[in-house]
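Presented below is the structure to which this report refers.
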Amino acid sequence: MKLRTFKKGGVHPNDKKNLTKDKDIRILNNVDEVIIPLSQHLGAPAILIKNIGDHVEKGEIIAKSSTLISANIHASLSGVISEIKKITLQNSVESDAVVIKADTIQPTLFTEKYDFNLLSAEKILDIINSSGIVGQGGATFPTTVKLSIPKEKNLDYLIVNGVECEPYLTSDYRLMIEKTDDILNGIKICQKLLNPQKTLIGIEANKIDAFNLIKEKAKGTEIEPVLLKIKYPQGDEKQLISALTHREVPSGKLPLDVSCVVINLGTIWSIFKAVVYKMPLIERIVTVSGECIENPSNLLVPIGTPISHLIKECNGFKSEPDKIISGGPMMGFSFYNLNLPVCKGTSGIIAIKNEIKNKKTNCIHCGKCVAACPMGLQPLQMYKYIVNSLYDKANKIGLMDCKECGCCSYVCPAHLDLVQSFKLGKKLGRKK
Amino acid sequence: MKIISSSPHFHNSDSTSSIMLNVAISLTPAWIWGCIIFGSKALIVMIISILSSVLTEYILNLFTKEKTVTDFSALVTGILIGMNMSSDVPLFIPIIASIFAIFVVKWTFGGLGCNWANPAISGRIFVFYSFTSAMTKYTIPTILTKNSVIVSEASPLSLIKTAVTSGQSNLKSSLDILYSENFPTTDFAKFLSSKTGFNAYNIDAFFGFIPGSIGEISKLLLIIGGIYLVLKKVITIHIPLSFLGSFSILTWIFGGIPFGLGLFNGDVISSLLRGGLILGAIFMATDSVTSPITNKGRVIFGCGCGFICFLFRTFGSLPESVSIAILMMNIFTPTIDRFIIPKKYGLIKELK
């Protein structure tokens with residue numbers, strides 16, 4: 001059987017998922033303090049509506065969505081707000097953060113089930129909006145915005161992203177294995193909202209047991225899992241759309257322009273919990289992995305838990321890591337401060353030895369980056385322009401289409417800082 | 001201490017030096033074969049070429065306080081220059097070629113990656129036109145001379161060229177010329193020829209029992225080296241295939257003209273096996289610095305090489321074609337890269 005995949009570029013890093021592939025999701029207890037940043041999503045920070053000293057309940061809203069592209073933020077544990085401080089998040093965003101000292105006895109909430117079939121589409125969208133759900137693949141785009149499509153528009157495809165192409169990460173895989181029914185119901189909720197012609201779940205071939213499980217349970221529904229060839233960055237929505245529908249999203253446009261909506265699997269689970277259990281987005285699954293972690297695990301943690309706590313739960317470090325990464329190793333951010341919290345978009349915490357030695361040479365014009373670029377750009381040319389501060393020229397050949405997936409840097413034999421220069425070029429180019 | 005750096009935090013562990021080392025490894029069987037055939041003279045030429053290139057790079061490093069000698073590109077240049085020398089050249093010639101290649105062609109333009117011409121090719125051309133007679137003197141391997149009394153100092157290619165330009169019109173192909181000169185063949189080739197029906201001269205040329213430059217004689221080992229490079233993803237097959245393909249087609253169509261045979265009568269196989277064509281197409285034209293970055297561009301580059309090489313071979317007056325063809329296409333590489341660009345994702349629907 002020939003598996004589908006996207007056409008242009010792509011690389012094959014070692015997926016290293018075996019470290020946590022067979023580890024059940026563990027619930028992290030005994031968190032005594034959570035730090036909840038107000039800017040965990042793409043768009044404007046939420047506006048704080050509580051004060052120092054206030055007592056908040058688990059799931060209570062503490063900051064309200066400020067504009068259209070923003071999201072509500074809820075208390076992930078019951079407790080007292082002890083401090084409001086400025087922190088610098090893993091992705092170098094500065095944000096105010098609310099510190100909640102948790103009560104020793106936490107209430108048992110969100111156990112009552114509601115039938116989503118009785119709810120209207122508007123009501124469901126309202127629940128999703130107030131639950132502060134954002135995309136949990138890493139981009140943290142507010143889900144409400146994605147799901148509110150114009151009434152007159154007929155959607156061809158609802159695509160569920162179960163690709164998880166980043167090495168090490170297994171949280172979506174564990175969700176598919178352990179919470180299959182929840183996921184399928186979550187997808188049904190989205191179907192009700194969007195009325196798509198077809199619903200596809202993209203799953204890469206290294207998660208074949210999850211594929212088989214979903215295929216069996218989805219029999220008789222309108223949900224169709226599709227097995228895809230292993231290739232990074234297939235989990236990017238543009239590549240996933242190309243792999244599943246052979247459509248290409250035009251430059252600067254949204255998937256909706258080609259009549260597709262792509263939702264991450266973790267987000268689907270959050271939608272399910274929000275609609276069925278009325279539980280806002282206050283917890284998420286984080287893969288803690290890497291060669292330096294003693295006991296790599298998949299943990300279900302309250303949002304705002306300090307990362308040091310997660311590492312302690314995994315029995316600490318086996319050996320001193322050179323790098324700690326938030327997210328996956330291809331697109332994640334390296335950081336040093338272990339007191340930073342888990343945010344809505346934190347899919348993994350990876351502790352590794354540094355294998356990239358500095359072997360930087362001149363560009364040898366080999367064209368490997370051009371062949372690897374999934375967007376069909378010319379990384380070496382853009383790099384040359386940015387190094388020489390010619391941002392307009394770099395923009396002209398597609399700098400803004402670059403999504404920093406890291407394929408070019410991954411293959412570059414000259415070890416040039418391609419992705420870094422593109423990030424810089426985008427910022428400086430915008431300023432001008 | 002934690003390292004903070006930009007994503008990606010993974011690398012496929014390729015590096016410039018690993019690429020250059022792979023090229024050096026893939027070249028090794030071919031030049032060792034040359035040393036076996038031509039003896040210790042050839043080995044000395046190789047060693048002198050490699051040492052002078054690497055030493056030039058090292059001395060230049062002392063000036064610029066860089067450390068580019070460890071990227072092994074000078075090693076590859078040295079090997080290629082040695083492979084392009086006859087085993088009989090005076091030893092100052094490879095030294096001059098190496099210094100010219102590393103210092104003038106590469107270093108003055110800014111070092112590895114900034115040169116517009118392939119250093120090894122330019123070095124060869126420089127000494128070829130400076131010391132033409134020394135560069136075109138080839139010994140016939142001892143394995144051939146034991147069957148024959150004639151000891152010619154020319155390679156088959158220059159024999160053919162001389163015969164064609166002097167207008168011996170009664171000879172109908174390049175192989176006829178070799179027959180008429182009583183050019184020797186090995187017993188092995190005669191045996192294989194009687195079994196398979198292939199021409200004995202071509203069999204010798206394929207396995208490497210012919211006079212020529214040290215590295216170019218064994219086509220078999222060069223092709224094996226090329227396959228190794230393709231498997232290691234150092235080069236793509238686009239340039240060698242389009243180079244040899246376009247050359248073959250043109251030779252087949254027009255190659256008979258100098259012999260008065262008209263169109264579609266060229267002798268493709270023996271043309272492919274003569275001279276440094278295989279060496280050039282697999283190892284010199286594919287030099288990443290001086291060839292295009294896209295596969296489409298590479299095909300254009302290869303076809304251009306094939307075309308120019310064919311012109312010089314068939315209608316030129318000097319037996320020097322491959323390196324000139326590659327050098328000329330090197331000039332076009334930036335232009336090809338400027339106009340042949342990959343198709344961007346999502347561009348189809350961007351109609352205005």
Side-chain angles (χ1 to χ4, degrees), chain A residues 8 11 13-14 167 238 242 248-251 253 257-258 321-325 327 329-336 350 352 354-356 359 361-368 370-371 373-378 380-381 397-398 401 404-407 409-415 417 419-420 423, chain B residues 1-20 22 66-68 70-73 106 110-116 233-236 238 286-298 333-334 337-338 340-351:
Chain A
K8 281 191 194 88
V11 294
N14 183 351
K238 287 186 176 173
S242 149
E248 290 192 1
V249 184
S251 165
K253 295 282 174 63
D257 291 293
V258 290
D322 292 331
K323 254 185 191 177
I324 300 173
I325 301 157
M330 293 298 282
M331 285 186 77
F333 303 94
S334 60
F335 65 101
Y336 62 96
I350 316 290
I352 51 170
N354 187 32
E355 280 161 17
I356 306 177
K359 295 177 194 158
T361 65
N362 283 352
C363 169
I364 57 166
H365 213 251
C366 61
K368 282 185 201 284
V370 180
C373 182
M375 299 304 283
L377 306 174
Q378 304 168 72
L380 82 171
Q381 215 65 40
I397 60 169
D401 285 331
E404 300 157 19
C405 65
C407 290
S409 292
Y410 176 79
V411 296
C412 182
H415 291 248
D417 310 316
V419 173
Q420 191 177 358
K423 286 180 181 174
Chain B
M1 272 295 276
K2 303 284 180 290
I3 297 169
I4 302 298
S5 66
S6 168
S7 63
H9 308 285
F10 264 19
H11 196 275
N12 70 355
S13 74
D14 267 0
S15 64
T16 304
S17 50
S18 75
I19 284 181
M20 292 299 167
N22 269 326
E66 286 168 323
K67 216 177 155 203
T68 54
T70 46
D71 65 25
F72 299 117
S73 63
K106 198 165 84 176
L112 179 69
C114 304
N115 49 306
W116 61 268
K233 295 197 172 138
V234 174
I235 62 171
T236 60
H238 298 84
T286 54
D287 168 29
S288 63
V289 178
T290 52
S291 62
I293 49 173
T294 57
N295 288 341
K296 228 192 256 171
R298 286 170 183 153
T333 298
D337 277 343
R338 195 163 146 202
I340 309 295
I341 52 172
K343 204 177 84 191
K344 265 201 282 182
Y345 175 98
L347 204 68
I348 330 157
K349 304 205 173 65
E350 218 177 37
L351 296 172

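Heavy-atom basis, side chains included; hydrogens, waters and symmetry copies ignored.
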Between chain B and each of K368(A), K8(A), M330(A), H365(A), count heavy-atom pairs under 4.5 Å; write down the option with the most.
H365(A)
Exercise: identify the closest heavy-atom pair between F10(B) and Y410(A)
O-CD1, 3.5 Å
Heavy-atom proximity to chain B below 4.5 Å, by part of F333(A)
backbone
Contacting moiety of I19(B), where chain A heavy atoms sit under 4.5 Å:
side chain
For the student: nearest non-hydrogen atoms of V419(A) and P8(B), plus distance:
CG2-CD, 3.9 Å
Under a 4.5 Å heavy-atom cutoff, which of T361(A), V370(A), D322(A), L377(A) has the most pairs with chain B?
D322(A)
H11(B) side chain near S409(A) side chain, heavy-atom distance below 4.5 Å:
no
Value rounded to 0.5 Å, distance of CD1 in I4(B) from CZ in F335(A):
8.5 Å
Interchain contact, S291(B) with chain A, by part (heavy-atom threshold 4.5 Å):
backbone
At a heavy-atom distance under 4.5 Å, which candidate from Q378(A), E404(A), Q381(A), M331(A) has the highest pair count against chain B?
Q378(A)
Kindly say whether K238(A) contributes a backbone atom to a donor-acceptor pair with the side chain of Y345(B) at under 3.5 angstrom?
yes
Quick check against the 3.5 Å criterion: does H415(A) have a side-chain atom that pairs as donor or acceptor with the backbone of S13(B)?
no
Can you tell me which portion of P167(A) sits under 4.5 Å from chain B's heavy atoms? Options are side chain, backbone, both or neither.
side chain
Contacting region of D257(A) [heavy-atom separation from chain B under 4.5 Å]
neither
As an exercise, state the distance from CD1 of I352(A) to CD1 of I3(B), rounded to the nearest 0.5 Å.
9.0 Å
On a heavy-atom basis, the closest approach of S6(B) and K423(A) is OG-NZ, 3.7 Å
Residue pair G332(A) / S7(B): nearest heavy atoms and the distance that separates them:
O-CB, 3.3 Å
Taking every non-hydrogen pair under 4.5 Å, which of T16(B), N295(B), D287(B) racks up the most with chain A?
T16(B)
Tell me, out of G406(A), C373(A), C407(A), who's got the most heavy-atom pairs with chain B below 4.5 Å.
G406(A)
So for C366(A), is it side chain, backbone, both, or neither that comes closer than 4.5 Å to the heavy atoms of chain B?
both
If only atom types and distance count, is the side chain of D14(B) paired as donor or acceptor with the main-chain N or O of P413(A) below 3.5 Å?
no
State the CG-CG distance between L380(A) and D337(B), to the nearest 0.5 angstrom.
7.5 Å
In terms of heavy-atom proximity below 4.5 Å to chain B, should A414(A) be classed as side chain, backbone, both, or neither?
both
Gap between atom CD1 of I397(A) and atom NZ of K344(B) - 0.5 Å precision
8.5 Å
Minimal heavy-atom distance between L112(B) and N362(A), with the atoms involved, is O-ND2, 2.9 Å
Can you tell me if K323(A) and S5(B) form a side-chain donor-acceptor pair at under 3.5 Å?
yes
